Amino acid sequence: MEKLVLIDGHSILNRAFYGVPDLTNSAGLHTNAIYGFLNILLKILEEEKPDYLTVAFDVKAPTFRHELYNEYKGTRKPMPQELREQVPVLKETLAAMGVKMMEKAGLEADDILGTIAKRAQKEGMEVSLVSGDRDLLQVATDVIKVRIPKTKGGKTEIEDYYAADVEAKYQVNPTAFIELKALMGDTADNIPGVPKVGEKTATELMVQFGSLENLYAHVDEVGKKSVRESLITNKELAYLSKTLATINVDSPFDFSFEEARVHDFYTEEAYVAFKKLEFKNLLSHFEKGISNESITAGFQRIDDLAKAEDIFQKACEEEEVGFAILKKDGFAGIALAFADGSCFFVQNSGLLTEAYLTEKMSEAALHTRLCCGDIKSAYRYIMCDDTQRFFDVILAAYLLNPLKNDYTIADVANEYLGLMIPEWAQRFGKASLMEALSSHPEEFTQHACFLAYVALKATLVLRKKLEEAGMLTLMNEIEMPLTYVLYDMEQEGILVKPEELKAYGAALVGRISELEQRIYKEAGTEFNINSPKQLGEILFDRLKLPGGKKTKTGYSTAADVLEKLAPEHMIVADVLEYRGLAKLKSTYADGLYTFIGEDNRIHSTFNQTITATGRISSTDPNLQNIPMRMELGRQIRKVFVPKEGYIFTDADYSQIELRILAHMSGDGQLIDAYKMHADIHRITASQVFHIPFDEVTDLQRRNAKAVNFGIVYGISSFGLSQGLSITKKEAAEYIEKYFATYPGVKNFLDQAVKDAKEKGYVTTLFGRRRPVPELSSSNFMQRSFGERVAMNSPIQGTAADVIKIAMIKVHRRLKEEKLASKLILQVHDELLIETKKEEADKVRQILEEEMSRAAQLAVRLEIDLHEGNDWYEAK
DNA sequence: CCGATCACG
DNA sequence: ACGTACGTGATCGGT
C-alpha cells in the first residue's frame with residue numbers, strides 16, 4: 001500500500017517556534033522554528049518512509065496563535081518578527097530539498113490537506129496528516145492518521161489519531177468532532193459557538209444526541225434550562241459555526257501525486273541550505289562523499305622526490321599558492337594548490353620528510369604568497385617571519401564575521417565559494433589523522449588537497465570582501481603581523497617554579513579540610529559543598545535561610561547572594577571562604593601544574609578568532625585570568641618568574657577604554673579631564689557632583705568609578721544599580737548627571753546605537769566590525785543587550801586594536817634592536833616582557849614609546865610600568 | 001554536554 | 001512589565 005505524508009506547514013512551524021529554544025545563525029537569522037520543523041519532518045520521513053510528501057501553507061498568515069496566550073485569552077496575536085523571518089527561509093530550504101509545497105489563494109491549509117487526504121484515501125493510500133492543530137482530527141479515518149507532534153524539553157513526541165483514537169479520547173467520532181467544536185466555539189479560529197456551551201457541555205450534548213441535527217430535533221430534552229434556551233436562541237449561530245468549523249475536503253484544485261513523489265531530499269542545494277542555517281547535526285543525514293568531480297580531478301598524491309621537487313619549483317614561480325599542513329599527533333604531509341586548479345598532497349614518506357618539507361616551504365615563502373587557514377600553527381614548518389608572505393583565510397573569515405563559534409576551511413568553502421566539502425567525520429569517522437592516511441590514502445589526498453584548494457580560491461574572494469568592508473588594512477597591518485607575535489609568545493612560554501606551585505597548593509589543603517569539617521558540622525550533615533544544588537538545599541531548605549529561588553535549576557548560591565546572607569549564619573562565611581580556596585586549588589594550583597612542560601615553562605595558546613570584539617583569548621591554560629584582586633590568590637603570581645639573568649618588565653595601559661571613549665566621543669570636557677593629569681574617577685566625581693576636587697569623598701569617587709565602568713559597558717540604570725547596590729532611580733540620576741556633564745559622550749553612545757541599527761554593525765577606530773543582530777529582535781531583553789553591545793564594542797574593540805598594534809611594534813623593536821628580551825604575555829591592557837637584565841633600560845623605553853605611540857588619540861595613552869623578579873612584584 | 005560559579009580585563 | 005551591566009576560560013556537578 002502506498003503511503004502519503006501531508007504536513008500543515010505553518011502549524012508545525014509555529015509549534016516548533018514555541019517549542020525550540022531561541023537559535024540564531026552567525027548571520028543573525030533566527031532559525032529555531034526551521035530547525036524544529038526540519039527535525040519533525042526528518043523524523044517522520046525516517047519513521048514512515050512515505051511514497052509521497054506534501055507540505056501545505058496558508059497563503060496569507062497575517063496572524064498566528066501563541067499556544068499559551070491563546071488558551072488564556074482566546075485571541076490572536078501577531079506573528080513575531082523572529083518567526084515571520086523564518087517562513088520564507090523554510091520555504092527556500094524545502095524547495096532546495098525538492099519537497100512539494102502547496103498553497104492556494106482563498107484556501108486554508110486545512111482545506112488543502114483535508115482534500116488531498118480524502119483523494120489519497122480514494123486512491124487506496126495510507127495517509128499521515130501532520131499538524132499542530134486539533135482541527136484536523138475531523139478528517140481522521142481508518143486509513144487517515146492525524147499526527148500531532150508535541151515538543152517538550154527538547155524531545156518530540158507524536159500523538160497519533162485514527163478515527164477510533166479520536167472517539168476514545170473525545171467520546172465523539174471525527175464527524176461529530178466538527179459539531180463539538182461548533183457548539184463550544186473557538187475564538188482563535190473566529191468560530192463563535194453557542195453561548196453557555198463550553199467544552200464539557202458540548203461533549204455531553206454530542207454524546208447524548210450524536211449530531212447537531214438530532215440535537216435540535218430533540219432540543220427540549222436538554223436538561224439544563226439556561227443551555228436549552230441558549231441553544232434555541234442561537235440555532236443559526238450553531239449552524240454557522242458548523243460551517244466555519246468544517247474543513248472543506250472537496251476543495252477545487254489540481255493536485256498531482258507524481259509531483260509529490262518522494263525522492264532523495266539530501267541534494268547539494270539542501271546541503272548548502274543546511275550549512276547556511278548552521279544545522280550541523282542535521283547534516284549527518286547527508287550521504288558522505290558529495291562529489292565535486294570537476295575540482296577533484298586535479299588532485300594528486302605525491303610520494304616521489306623528483307615529482308615533489310617539480311612541485312615546489314612550480315610553487316616558487318607562482319604569485320600565490322594555497323597550502324595546508326596535515327599534522328595532528330603525526331605529520332602526514334603538506335598539500336599545495338595552484339591557480340590552474342591542480343593540487344598535490346606531498347606525503348611524508350621516504351625522502352619526503354618533515355625536515356625536507358619545512359625547507360621547501362621556507363624557500364617557497366620567499367617567492368610566492370602562501371595562503372592557508374590558521375597560519376599561526378604553520379610557522380613551525382615555515383622559517384619566515386615576514387607575514388606579508390602569507391594570507392590566512394580563517395582569520396579573514398573571522399574579521400568578516402567575528403560572531404561564529406568556530407572557523408573551519410569547510411565553512412569558508414561553503415560560505416565564500418559555495419562549495420561543499422565533506423567533513424572529516426564523513427570521510428573517516430573517528431579515525432585519527434595517521435590512521436586515515438594509511439587506511440584511505442586516496443580519500444585522504446582528496447581531503448588534504450581540498451584544504452589547500454579552498455585556501456587559495458577563498459583568498460581571492462576574502463581579500464575583496466575585506467576591501468569592500470574597509471578591513472584590508474586591519475588584516476594586513478594588524479591581524480596578519482600579530483599572528484607571528486602570538487606564535488613567538490606561545491613558543492617562549494613563561495617559566496614557573498613547579499615546586500613552589502606545588503607548595504602553594506599543599507598550603508591550601510589544611511585550611512580547606514578544616515573549613516570542610518566546620519561546614520559539615522554547621523550543616524549537621526556531610527554533603528558536596530561544590531554542588532550548588534546540594535548547597536542550596538542545605539542553606540535554604542535545611543537551615544531555612546531567607547532568600548528564595550533565582551536560577552532556572554533551583555536556588556542561586558552565587559557569591560553576591562551568599563554575601564547578603566552572611567550575617568544570618570556562620571556557615572555562609574565558611575562556604576564563601578571554602579569556595580575561594582577550592583577555586584585556587586583546583587583551577588590554579590593543580591590546574592596550572594599540569595601544563596608545566598619539560599622546560600619548566602607553560603606554553604599557553606593565544607587565540608585570535610574567538611572574541612566578538614577583537615580581543616585575543618588564552619587557553620590551555622588561560623593565563624589571562626591569573627588571580628590579582630585578592631591577596632591570597634595574587635600570591636600565585638610569585639611562581640611565574642623570569643629565567644636566570646632576566647627580570648620581568650610589566651606595562652599596562654592606564655584606563656585605556658575611558659581614554660578611547662574620550663577620543664571617539666570627542667567630548668571636550670572629558671578630554672580636558674584627562675589633560676589635568678589627575679585621578680580620573682575623582683575628577684569625574686568632582687565634575688558630575690559639582691564638588692571641588694579636594695572635597696570629593698571616597699564614596700563619591702567610588703560611585704563615579706562605577707559610572708565610568710558602566711558607560712564603557714553600555715550604561716543602563718539597572719546595571720549600575722546592581723554594581724553600586726543602590727536603587728534604579730538613584731542610578732538613573734547618576735547617569736543623567738553624568739550625561740549632563742559630558743554631553744559628547746551621550747551623543748557618541750546614542751550615535752553608536754543609531755549606526756548599529758542602520759548598518760547592522762558597529763566599528764572600531766581601525767575599522768574592525770562587530771555585527772549586532774540582537775538590535776532587530778522584538779524581544780526587549782535581546783534588544784537592550786544589542787544596544788549595550790553597540791555602545792561597548794567600539795570601545796573595547798578599539799582598545800584591542802591599540803594593544804595589538806603595540807604588541808607588533810614592541811615585538812618588532814625587540815627584534816630589530818637584536819635584544820634577547822621577549823614579549824611573553826598579553827592580558828588585554830598589559831604586556832609582560834622577560835627582560836635580559838642588561839637590557840632593562842632599553843626594554844622600558846621600548847614599552848613606553850611603542851605602547852603610547854600605538855595610536856594617536858586626543859588624549860595621551862599613559863602606561864604604568866613595573867619591574868620585578870616575579871610576576872607578583874612586576875605588577 | 002550544559003549550567004552555575006568565579007578567576008581576569 | 002519585561003529583568004541586565006561588556007568581554008573571556010576552567011572546573012565542577014549533574015543530566
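Chain identifiers are assigned alphabetically (A, B, ...) following the order of the sequence lines, protein sequences preceding nucleic acid strands; residue numbering begins at 1 within each chain. Small disclaimer: the values here were computed from a predicted structure and weren't measured.
Here A/T553 reaches the OP1 or OP2 of B/dA4: one of its side-chain N or O atoms lies under 4.0 Å away. Between A/Q655 and B/dG9 there is no side-chain N or O to OP1 or OP2 distance below 4.0 Å. OP1 or OP2 of C/dC6 has not a single side-chain nitrogen or oxygen of A/T613 nearer than 4.0 Å. Taking only side-chain nitrogens and oxygens, A/T557 comes nearer than 4.0 Å to OP1 or OP2 of B/dT5. Taking only side-chain nitrogens and oxygens, A/S556 comes nearer than 4.0 Å to OP1 or OP2 of B/dT5. The shortest distance between the side-chain N/O atoms of A/T587 and the OP1/OP2 oxygens of B/dA7 is not below 4.0 Å. Remark: A/N625 is not in phosphate contact with C/dT8, judged by side-chain N or O atoms under 4.0 Å from OP1 or OP2. The shortest distance between the side-chain N/O atoms of A/R629 and the OP1/OP2 oxygens of B/dG9 is below 4.0 Å. Distances shown here put every side-chain N or O of A/R788 at or beyond 4.0 Å from the OP1 or OP2 atom of C/dG7.
For NZ of A/K497, the number of neighbouring non-hydrogen atoms (other residues, nucleotides, ligands) closer than 6.0 Å is 12 at most.
At a threshold of 4.0 Å, the pair A/K746-A/E736 does not count as salt-bridged, since none of the basic side-chain nitrogens sits closer than that to a carboxylate oxygen.
A cation-pi arrangement, defined by a distance under 6.0 Å to the six-membered ring centre and an angle within 45 degrees of its axis, is absent between A/R770 and A/Y761.
Under the 30°/60° scheme for interplanar angles, the aromatic rings of A/F709 and A/H681 are found to lie parallel.
Residue contacts for A/A706: at a heavy-atom cut-off of 4.0 Å it reaches a base atom on one of the strands shown. Residue A/N622 is classed as a sugar-phosphate contact, given heavy-atom separations below 4.0 Å to backbone atoms only. Note on A/I610: only backbone sugar-phosphate atoms sit closer than 4.0 angstrom, heavy atoms only; bases stay farther off. Note on A/Q534: only backbone sugar-phosphate atoms sit closer than 4.0 angstrom, heavy atoms only; bases stay farther off.
Interatomic distance, A/T613 OG1 to A/N792 CG, rounded to the nearest 0.5 Å: 7.5 Å.
Both distances falling under 3.5 Å, in either a Watson-Crick or a G-U wobble arrangement, occur for no nucleotide opposite C/dA1.
Comparing A/N528 and A/A612 by the nucleotide of DNA chain C whose heavy atom lies nearest to each, the residue mapping closer to the 5' end is A/A612.
Atom P of B/dC6 sits at a distance of 26 Å from the matching atom of C/dC2, rounded to the whole Å.
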